[in-house]
Peer 1: 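Take this structure, written in structure tokens, and hold onto it; I'll ask about it next.
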Amino acid sequence: MPILVMKFGGTSVATLDRIRRAAKRVGREVANGYDVIVIVSAMSGETNKLVGYVEETSHLYDAREYDAVVSSGENVTAGLMALTLQEMDVPARSWQGWQVPLVTTSAHASARIEEIPTTNINAKFGEGMKVAVVAGFQGISPEGRITTLGRGGSDTTAVAFAAAFGAERCDIYTDVDGVYTTDPRICDKARKLDRIAFEEMLELASLGAKVLQTRSVELAMKYKVRLRVLSSFEEQTDEAGTLVCDEEDVMEANAVAGVAYSKDEAKVTLVSVADRPGVSAAIFGPLAEAGVNVDMIVQNISEEGRTDMTFSCPTNQVARAAQAMNDAKDRGEINFHDLISDTNVAKVSIVGIGMRSHAGVAARMFQALRDENINIKVITTSEIKVSVLIDRKYMELAVQALHDAFELDKAG
């Protein structure tokens, strides 16, 4: 039998009624001739509650016990989904990560998948099981301890299972009906995309689009897993949702596929840094060691042996970045006059594989922002992306202006 992977997020399994609705979708796919692997998240809000329990119990908690606690939410959902399917006369059973076994690294709370043996589940399919309901987000370390994959890890679990089992497709059911050209809450002209290339989805996910976890898209691109993002609250047709697929399978010809934004950005500037060979390594080495995720980097022209170095990072990492820089200064590794941080900024980006073959995309972006009197603080580009840092108060205006400038409300 062909295998289909179906993943249901927390909102899709938030209540018993929603679990029943999800189970009916699974039953329809079984009727269509598939053996189905269902990946489930914890019921909506459950993981946050469990994390709260851990933090209230111990501030300096043992990460191994943290994983044991927070992974339990998925176990409950998996069992309830299996019971619901059995009530529908669909042969199903639940699987926890260790029963598969989904083998991960030992990095508790942020483990990476090492191996998913197919033997156990395939053996049960051979015995007549039609649905394997697998608890997402969790695995087992080489030491035999429960691990978790980090927030949003159920998406990664689903894609990894689709790759391991050679599934025909991986359907991700969530509370949105697909991938949009931008956030519909900000721009009422946002349009649902029928298809989007892996690379575009990866950029959008990393730039702030919350539809899919970045690691899940990376895996899908690596193993050529066809992903479909669907709403669990709407009736489905064959054309429903958005298909995330190879570039060759994308029909739309727009230079830009979407506009992404992130308001949790900060701009940090080291003023008057002594400019010498190795200064960049002296700055960004300590930042990396401190766990600061640096994104955009700009260095001014050096004058009289001094330069300014500006970079962006998540807002909640500014204090860590400042500490790392001041410590490096105290050790004599770098020399700068001042450190200035600005947390009232936002990053706005345009993304599209069409940029490779369309000239003047960046110029069009800058023109649209200029027409709205929006000043650009920092710019970075890649082959399929242009990102700018602007004042946060202009973020929504910028998103709307760029959406209009590239006519994203129209299909290519």
Peer 1: For Val176, give me all partners under side chain to side chain contact (heavy atoms under 4.5 Å, CB included), at least two apart in sequence or on another chain.
Peer 2: Thr174, Val211
Peer 1: With distance as the sole test, does Gln213 use its side chain to make a donor-acceptor pair with the main-chain N or O of Arg151 at under 3.5 Å?
Peer 2: yes
Peer 1: Which residues pass the side chain to side chain donor-acceptor pair (under 3.5 Å) test with Lys124, not counting sequence neighbours?
Peer 2: Glu127
Peer 1: Which atom pairs, donor and acceptor, lie under 3.5 Å between side-chain atoms of residues 87-97 and protein residues at least two apart or in another chain?
Peer 2:
residue	atom	partner	partner atom	Å
Gln96	OE1	Trp98	NE1	3.0

Peer 1: If I compare all heavy atoms of Arg25 with all of Ser232, which pair ends up nearest, and what's the gap?
Peer 2: NH2-O, 3.0 Å
Peer 1: Would you say that Thr181 contacts Asp409 through its side chain, given a criterion of any heavy-atom pair below 4.5 Å between the two side chains?
Peer 2: no
Peer 1: The criterion is salt bridge (Lys or Arg N to Asp or Glu O under 4.0 Å); which residues satisfy it with Glu407, sequence neighbours excluded?
Peer 2: Lys410
Peer 1: Any donor and acceptor pair, going by atom type alone, linking the side chain of Ser72 with main-chain N or O of Ala68 inside 3.5 Å?
Peer 2: no
Peer 1: Only counting residues at least two apart or in another chain, list the ones meeting side chain to side chain contact (heavy atoms under 4.5 Å, CB included) with Asn373.
Peer 2: none
Peer 1: If the condition is side chain to side chain donor-acceptor pair (under 3.5 Å), which residues does Glu65 pass it with, not counting sequence neighbours?
Peer 2: Arg145
Peer 1: Answer yes or no: is there an ion pair linking Glu247 with Arg356, defined by an N-O contact shorter than 4.0 Å?
Peer 2: yes
Peer 1: Which residues satisfy the ring-ring contact (aromatic ring centres under 6.0 Å, His included) test with Phe311, sequence neighbours excluded?
Peer 2: Phe284
Peer 1: Who are the side chain to side chain donor-acceptor pair (under 3.5 Å) partners of Glu74, not counting sequence neighbours?
Peer 2: none
Peer 1: Which pairs count as salt bridge (charged side-chain N to carboxylate O under 4.0 Å, His left out) when at least one residue sits in residues 320-331, sequence neighbours excluded?
Peer 2: Arg331-Glu333
Peer 1: What residues form a ring-ring contact (aromatic ring centres under 6.0 Å, His included) with Phe165, not counting sequence neighbours?
Peer 2: Phe161
Peer 1: State which residues pass ring-ring contact (aromatic ring centres under 6.0 Å, His included) with Tyr61; sequence neighbours excluded, sorted by chain then number.
Peer 2: Tyr66
Peer 1: Among all residues two or more places apart in sequence or in another chain, which pass the side chain to side chain contact (heavy atoms under 4.5 Å, CB included) test with Thr11?
Peer 2: Arg18, Ser44, Asp175, Phe233
